[in-house]
Number of protein chains: 2
Amino acid sequence: MSTRREAVREALTTSSGFRSAQDLYADLRADGSKIGLTTVYRALQALSDAGEVDVLRTDEGEAVYRACDTESHHHHLVCRVCSTAVEIEGPTVERWAAEVGAQHGFTGVTHTVEVFGTCAECSRA
Amino acid sequence: MSTRREAVREALTTSSGFRSAQDLYADLRADGSKIGLTTVYRALQALSDAGEVDVLRTDEGEAVYRACDTESHHHHLVCRVCSTAVEIEGPTVERWAAEVGAQHGFTGVTHTVEVFGTCAECSRA
DNA sequence: GGCGAAAACGAAAATGGTTGTCAAAATTCT
DNA sequence: AGAATTTTGACAACCATTTTCGTTTTCGCC
Ligand SMILES: [Zn+2]
Ligand SMILES: [Zn+2]
Ligand SMILES: [Zn+2]
Ligand SMILES: [Zn+2]
């Protein structure tokens, strides 16, 4: 694990929400790092491949990443305002997805589930 | 509703799967239409705004569209190979998403749920 | 410590989907 | 028909992401 990649992981870990490559690059540069944008992309790619970070796409198509506490299968409850995310689980959903796939004769069934809303804190404002 | 927009809607309706703007553009041109790519994008934007087509993002970030039978809330079971999609509903998931959001104090809770797999036909091959 | 191979870096260019611009063409109105 | 309005499409601009490639750093070995 190179120093640069460690820096990207660190920058990602200090945030509880999903961040884009550009966000992280800006953060790191603001902290005085001389890291290049390409390296940030490469680090995120590697971390993603290693299953150490979760990725999802915003409505605008931008990839955003998050360093989750658990590496086991889970989903997220994401604040639309501050992008803070909470890891959630749902045996109910897991079962439902598998069943609906099987019912239609699909094999190798997977799913994507994300829940969005305005978090308690942002709701107050 | 202009002729061009109608043509895009038609091209989308003849497919049971999700298609990208570029796909539709290629289809239309192959059919002899002189439509421009810009117009395809504009038509899809309008149809999407009107809630007449569903949009989702591929893993690569490309927007893909589908003219669904129902305009009411639903999700999709999508074939990873041929991209054919089946509209599915799940009261269970709807309830679960609302609950998990409420439990964490989130307001204005929405969700995205898509199920992927290999359809029966593609599984045979 | 010195050295060479291999891996990591970063700046700049290339890519590819999508959107903005603007003048021409089609449609609608009077 | 003629003017006003909308739609269209070629082309340029955008922007996130990837590729390229020469430079720098790291690492194993002498
Ligand atoms: Zn929030
Ligand atoms: Zn799941
Ligand atoms: Zn299929
Ligand atoms: Zn739903």
Side-chain angles (χ1 to χ4, degrees), chain A residues 1-13 15 17-67 78 80 83 85 112 114, chain B residues 1-12 15 17-67 78 80 83 112 114:
Chain A
M1 179 69 56
S2 74
T3 306
R4 293 303 202 198
R5 184 170 307 172
E6 200 54 68
V8 171
R9 189 219 295 277
E10 168 65 18
L12 199 49
T13 305
S15 166
F18 281 86
R19 318 292 312 278
S20 72
Q22 312 270 350
D23 285 345
L24 293 168
Y25 172 65
D27 289 352
L28 290 164
R29 298 290 290 204
D31 267 346
S33 169
K34 294 298 182 218
I35 196 170
L37 182 54
T38 307
T39 304
V40 175
Y41 275 104
R42 271 191 290 240
L44 289 171
Q45 182 69 59
L47 289 169
S48 173
D49 287 348
E52 294 180 43
V53 304
D54 283 5
V55 194
L56 57 85
R57 294 266 171 187
T58 65
D59 286 344
E60 294 76 41
E62 190 177 16
V64 286
Y65 305 79
R66 182 173 195 274
V78 187
R80 252 192 304 279
S83 86
T112 65
E114 303 299 335
Chain B
M1 178 69 57
S2 75
T3 306
R4 291 307 200 197
R5 185 170 307 172
E6 199 55 69
V8 171
R9 188 219 295 277
E10 168 66 18
L12 199 51
S15 166
F18 281 86
R19 317 293 311 280
S20 71
Q22 313 268 350
D23 285 345
L24 294 168
Y25 172 67
D27 289 352
L28 290 164
R29 298 291 290 205
D31 268 346
S33 170
K34 294 299 182 214
I35 197 170
L37 183 55
T38 308
T39 304
V40 175
Y41 274 105
R42 270 192 293 241
L44 288 171
Q45 181 69 59
L47 289 168
S48 172
D49 287 349
E52 295 180 41
V53 303
D54 283 4
V55 194
L56 57 84
R57 295 266 171 187
T58 66
D59 286 345
E60 295 76 41
E62 189 177 16
V64 286
Y65 305 80
R66 182 173 195 273
V78 187
R80 240 184 254 104
S83 88
T112 65
E114 305 297 335

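Just so it is clear: chains get the letters A, B, ... in the order the sequence lines come, proteins before strands, and each one is counted from 1. Since the model is a prediction, treat every value here as computed from it, not as a measurement.
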Might you point out which heavy atoms bring [X] and [Y] nearest each other, and give the distance in Å?
{"X": "B:Val55", "Y": "B:Ala63", "value": "CG1-CB, 4.2 Å"}
{"X": "A:Phe18", "Y": "A:Asp54", "value": "CE2-O, 4.0 Å"}
{"X": "A:Arg57", "Y": "B:Asp59", "value": "NH2-O, 2.9 Å"}

(message) For B:Val64 and B:Arg42, find the nucleotide of DNA chain C closest to each by heavy atoms; which residue's nucleotide sits nearer the 5' end?
(response) B:Val64
(message) Could you check whether the side chain of B:Arg57 and the base of C:dG17 have a donor-acceptor pair of N or O atoms closer than 3.5 Å, going by distance alone?
(response) no
(message) Heavy atoms within less than 4.0 Å of DNA chain C: which residues of residues 20-40 of chain A have one? Give them sorted by number.
(response) A:Lys34, A:Ile35, A:Gly36, A:Thr38, A:Thr39
(message) Between B:Val8 and B:Arg5, is there a side-chain heavy-atom distance shorter than 4.5 Å?
(response) no
(message) Do A:Leu44 and A:Leu12 have side chains that approach each other closer than 4.5 Å (heavy atoms only, starting at C-beta)?
(response) yes
In whole Å, I'd like the distance from the [atom1] atom of [X] to the [atom2] atom of [N].
{"X": "B:Asp49", "N": "C:dT18", "atom1": "CG", "atom2": "P", "value": "15 Å"}
{"X": "A:Gln45", "N": "D:dA16", "atom1": "CD", "atom2": "C1'", "value": "14 Å"}
{"X": "A:Glu6", "N": "C:dA8", "atom1": "CD", "atom2": "P", "value": "14 Å"}
{"X": "A:Leu44", "N": "C:dG10", "atom1": "CG", "atom2": "C1'", "value": "16 Å"}
{"X": "B:Arg5", "N": "D:dT8", "atom1": "CZ", "atom2": "P", "value": "7 Å"}
{"X": "B:Arg19", "N": "C:dT18", "atom1": "CZ", "atom2": "P", "value": "14 Å"}

(request) Report the nucleotide, chosen from D:dG9, C:dT18, D:dT20, that has the shortest atom-to-atom distance to any side-chain atom of B:Tyr41. (result)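 From the listed options, C:dT18 comes nearest.
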(request) Using atom types as modelled and distance alone, determine if a side-chain donor or acceptor of A:Arg29 lies under 3.5 Å from a backbone N or O of A:Ile35. (result)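 Between the backbone of A:Ile35 and the side chain of A:Arg29 there is a qualifying donor-acceptor contact (under 3.5 Å).
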(message) Please confirm whether the shortest side-chain N or O distance from A:Arg4 to OP1 or OP2 of C:dG10 is below 4.0 Å.
(response)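 Indeed, a polar side-chain atom of A:Arg4 lies that close.
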